[in-house]
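Presented below is the structure to which this report refers.
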Protein chains: 2
Amino acid sequence: MLFRVDPASPQPLGDQIAASVRRAIAEGKVTPGERLPSARSLADSLGVNLHTVLRGYQRLREEGLIELRRGRGAVVVDDTSARGRASLMLRVRELVDQARELGLTEEEVVGLVREGLA
Amino acid sequence: MLFRVDPASPQPLGDQIAASVRRAIAEGKVTPGERLPSARSLADSLGVNLHTVLRGYQRLREEGLIELRRGRGAVVVDDTSARGRASLMLRVRELVDQARELGLTEEEVVGLVREGLA
DNA sequence: TCCTTGTTCGCATAGTAGTAGAACAACACG
DNA sequence: CGTGTTGTTCTACTACTATGCGAACAAGGA
């Protein structure tokens, strides 16, 4: 199963689906031009509603990552794989540098991040 | 007015208040030992409810940035690292938000940070 | 003591997410 | 061409969260 979802998470299911697809694109697991599973089938396999999947897909369309057309489904349009990751790594590096300046130990940094993730 | 809030934003008011105080601490606009406005007065001046402000304050206490005591109010932790930590918490929060949008799991985020620390 | 301030209740309201079902319109494909 | 697939749109309902509101309470300061 390519996409996953956690109903217990406070993050909305539609957002989780969008994030899951974003990640798949970023990691190259789905390539430009490739078709994503239809909203109905994905909704079925995830155990969520059709509209929920569509909400996620439409969000990705607004971001310019996929195209949606009736009868054809959702297709990846752009290869922006490295962009998101690069900007994320930049933030990680800023965070680490600043934490070092403050004299935090590695585990303290990890602890802060875990706290932020909670 | 030191703190502001946007009722039209999708971000919860309590979170906005916490972020606003975090920024003020990080930028040195409020210094360690300084008293923040009382929850009641801040709620009044922001036009929000007392509980909403308290929720933001309590979040900051969980992060170790302020202390809350009855009769005395909210005081910025008398620790020279408070400011740095506030700024660090901002970075952590930004990082976590972006990582979530990319669909990374918690352990992947922690892994990236560990990688950055190495 | 009196006043301030955070803490903790309970409850009401508004907005959002998710579910559900149905009909419809564009597209692919044999 | 016709048929099935797929996204689009609509309405309605439930559940949950954020916020608001009021009240009483507890700890602390002046």
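All chains are named by letter (A, B, ...) in the order of the sequence lines, taking the proteins before the strands, and each is independently numbered beginning at 1. A quick note: this is a predicted structure, and the numbers were derived from the prediction, not measured.
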query = Are B:Arg100 and A:Gln11 close enough that a side-chain donor and a side-chain acceptor fall under 3.5 Å?
reply = no

Quick one: [X] [atom1] to [N] [atom2], roughly how many Å, whole number?
X       : N      : atom1 : atom2 : result
A:Tyr57 : D:dT5  : OH    : C1'   : 14 Å
A:Gln16 : C:dA17 : CD    : C1'   : 12 Å
B:Arg59 : D:dT19 : CZ    : P     : 11 Å
A:Leu54 : D:dT5  : CG    : C1'   : 13 Å
B:Asp15 : D:dT17 : CG    : P     : 14 Å
A:Asp44 : C:dT19 : CG    : P     : 12 Å
A:Arg55 : D:dT9  : CZ    : C1'   : 13 Å
B:Asp6  : D:dA18 : CG    : P     : 17 Å

Among C:dG6, D:dG7, C:dT19, the one nearest A:Val48 by side-chain distance = C:dT19

Is it the case that the side chain of [X] and the backbone of [Y] share a donor-acceptor pair, with hydrogens and angles ignored and the cut-off at 3.5 Å?
X       : Y       : value
A:Ser38 : A:Ser41 : yes
A:Glu34 : A:Thr31 : yes
B:Glu67 : B:Ala74 : no

ask   = Should B:Gln11 be listed as having a side-chain N or O under 4.0 Å from OP1 or OP2 of D:dA18?
value = no

inquiry  = Side-chain N or O of A:Thr52 versus OP1/OP2 of C:dT19: is the shortest distance under 4.0 Å?
reply    = yes

request  = Please report the shortest heavy-atom distance between A:Glu115 and B:Glu63, naming the atom on each side.
outcome  = OE2-CA, 3.7 Å

query = Looking only at heavy atoms, which two atoms of B:Leu88 and A:Gln98 are closest? And how far apart?
reply = N-NE2, 3.6 Å

ask   = Can you find a pair of side-chain heavy atoms, one from A:Val76 and one from A:Leu65, that are under 4.5 Å apart?
value = no

task = Summarise how protein sits on nucleotides 22-28 of chain D as a single string, 5' to 3': B when a protein heavy atom is under 4.0 Å from the base, S for sugar-phosphate-only contact, - for no contact.
result = B-B-BBS

